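Report on the structure given below.
One-based numbering, in listed order, for ligands and for the atoms of each. All residue numbers refer to positions in the sequence shown, counting from 1. Any value given below was found using the heavy atoms of this structure, including those in side chains, with hydrogens, waters and symmetry copies removed. Here the structure is a predicted model, which means the values were calculated and not measured.
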Amino acid sequence: MSVELDLDRIIVSAAEMSAIETRLFDAGFPVAALMEKVAGRIAQWIQHWLSQQTPNPPHLGVLVGPGHNGGDALVVARELWFQGYPISIYRPLDKAKPLTQAHFDYATSLGIPILDRWQDLQDCQVIVDGLFGFGQTRPIEGKLADLLTWVNQQPQQRLSIDIPSGIHTDTGEVLGVAFQADVTLCLGLWKRGLFQDAALDVLGEVQRLDFDIPWADVAAVLGPVPQWQRITPESARSALPLPRPQFTHKYQQGQLLLIAGSRQYGGAASLAALGARASGVGMLTLAVPESLQPLLNQQVPEALVLACPETPQGAIAQLPRDCDLNRYDAIALGPGLTQQTPTLLEQTLQIDSPLVLDADGLNLLAADSNWQGGEANITPWRSSPLILTPHPGEFRRLFPHLSAPHPAEAAQQAASQSGALVVLKGARVVIARPDGSLAINPESTPALARGGSGDVLTGLMAGLVAIAACQKRAIAPLVHSAVWWHAQGALRAQQQRGVLGVDAWTLSQTLPLVVAGQV
Ligand SMILES: NC(=O)C1=CN([C@@H]2O[C@H](COP(=O)(O)OP(=O)(O)OC[C@H]3O[C@@H](n4cnc5c(N)ncnc54)[C@H](O)[C@@H]3O)[C@@H](O)[C@H]2O)[C@H](O)CC1
Ligand SMILES: [K+]
């Protein structure tokens, strides 16, 4: 029996959701009963959401589509009507599935106003989107497009049932035009499209409404380890090596070697080192150009700083002769490195310890003749994880032949063909493993879109990886935790200093506060 996962971590495709729901129906759960149960919970949620509004109760305009999303909306309309909410229904298409038609007929019989013109929705304070739900693939055209365009221009608050109409359930693409939601109530299980960059601007606040789907039905369709998972605070925190045992010492808390920096980019080495410091790694060794040694000694006094011979331009020319790469639990290469010394990549790739490559470490890899655009799988000659943390530009240079149009699928293809663990940074960071599994961090902030924040993530992640390797823990969950922790640090700093106040140094100082309650 597979280990039961918190349903909040599961992300499904439209086909998987349909297959799961079909299992419920095949087991005897009537479709109409599920609709009543789900829509009843939607109505309760809406009542709570609007309870502080004025005027109370607000007038709701309910858009009803031809399928069961429309059925949900009609049940919501009816139940709120009985609770005393002014309701108006607008149904752009005459055709409807039988269950939806029955709900429409009953709502009409109750005297709930059915609008002939969508323009009459302007008297409402809230618009509820029950046009289309999961399984959308067709473009929104004609009258439907005009309706959504008009609704999006109105001042009302807008709430979507399950997924905004006009969003492709799996890719998140806008199918011509999409309902611009302030709130999206995702039903049962998270849908893939809600995590794709393309949809982020139309989702508003996203909530999942549970409707008691049995784990057995989820596992029967998705298998014991669901391929797409959402990183939750619980899953991220549970993987961290916290709280620490009473008796421990620094060598039991991981040894990390961070090879970074150049005279031109000294700050990147500092920021990565500060990220590593925040991870709690036991011993941090920094290999930097000798001219940076005083800076790093001053900024990260706890670190052992190896002064490396420099090139005339101030990059690392080589590692010190007595630097034994095998002594470290993990190595990170790249922040501020420049591409002057490709041998640094060759040397570190040969060491069978977990290796985190970022920035110029990735650019050196992309240029390495053995890499072959990521199509030469590294698994045969590396058993330890190779962790890549590209932003989209670095990703394109690493995997120039990939055709997948969306970050999640692109990362999955890259990981499975290269054998590397790929952390593709973006509005929603996706982490793909060679086995095809994917983790998505659902909560972040544009405050991270600035220089240095990636260096901090590299240090934080490499520090956690070193601890995991030292303690013989699985590596991938700590990569997930690092991504979550990094974003939470930025959100926390943003709360304190505003979105423009999240510089990389501040971010590195805020990180420990995110897990302070857990030490
Ligand atoms: N699966 C269930 O029984 C339940 C699902 N829940 C709710 O129902 C929707 C999914 O319902 P479904 O009927 O499969 O899909 P839609 O409601 O999205 O309707 C699809 C319907 O619309 C037509 N259509 C699609 N795109 C277009 C377009 N661009 N132009 C015109 N027509 C279009 C399509 O032909 C179909 O007929 C789910 O999201 C939940 O809200 C219930 O919660 C529980 C029972
Ligand atoms: K919808």
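- In this structure, O of D129 and O of I161 enclose an angle of 90° at the K ion (ligand 2), rounded to 10°.
- By the 4.0 Å N-to-carboxylate-O rule, D503 lies too far from R450 to be salt-bridged with it.
- Residues with a heavy atom under 4.0 Å from ligand 1: E21, F25, V31, L34, V38, P66, G67, H68, N69, D72, K95, K97, F132, G133, F134, R138, P139, I140, L144, D162, L187.
- Take E409 and apply the salt bridge (Lys or Arg N to Asp or Glu O under 4.0 Å) test, not counting sequence neighbours, and it matches no residue.
- Seen from the K ion (ligand 2), atom O on F132 and atom OD1 on N69 lie at an angle near 70° (rounded to 10 degrees).
- For the K ion (ligand 2), the N/O/S atoms of G130 include none lying under 3.4 Å.
- Using a 4.0 Å cut-off between a side-chain N of Lys or Arg and a carboxylate O of Asp or Glu, D212 and K37 qualify as a salt bridge.
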Show me the donor-acceptor pairs, under 3.5 Å and distance only, between side chains in residues 233-240 and residues at least two apart or in other chains.
| unit_1 | atom_1 | unit_2 | atom_2 | d |
| --- | --- | --- | --- | --- |
| E234 | OE1 | T232 | OG1 | 3.4 |
| S235 | OG | T232 | N | 2.9 |
| S235 | OG | T232 | O | 2.9 |
| S235 | OG | T232 | OG1 | 3.1 |
| R237 | NH1 | V514 | O | 3.4 |
| R237 | NH1 | Q518 | OE1 | 3.4 |
| R237 | NH2 | V514 | O | 3.0 |
| S238 | OG | E234 | O | 3.1 |
| S238 | OG | S235 | O | 2.9 |

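- For residues 63-96, the set of pairs meeting the ring-ring contact (aromatic ring centres under 6.0 Å, His included) definition, not counting sequence neighbours, is empty.
- We find that R91 and D116 are not joined by a salt bridge, their nearest charged nitrogen and carboxylate oxygen being 4.0 Å or further apart.
- We find that R230 and D8 are joined by a salt bridge, their nearest charged nitrogen and carboxylate oxygen being less than 4.0 Å apart.
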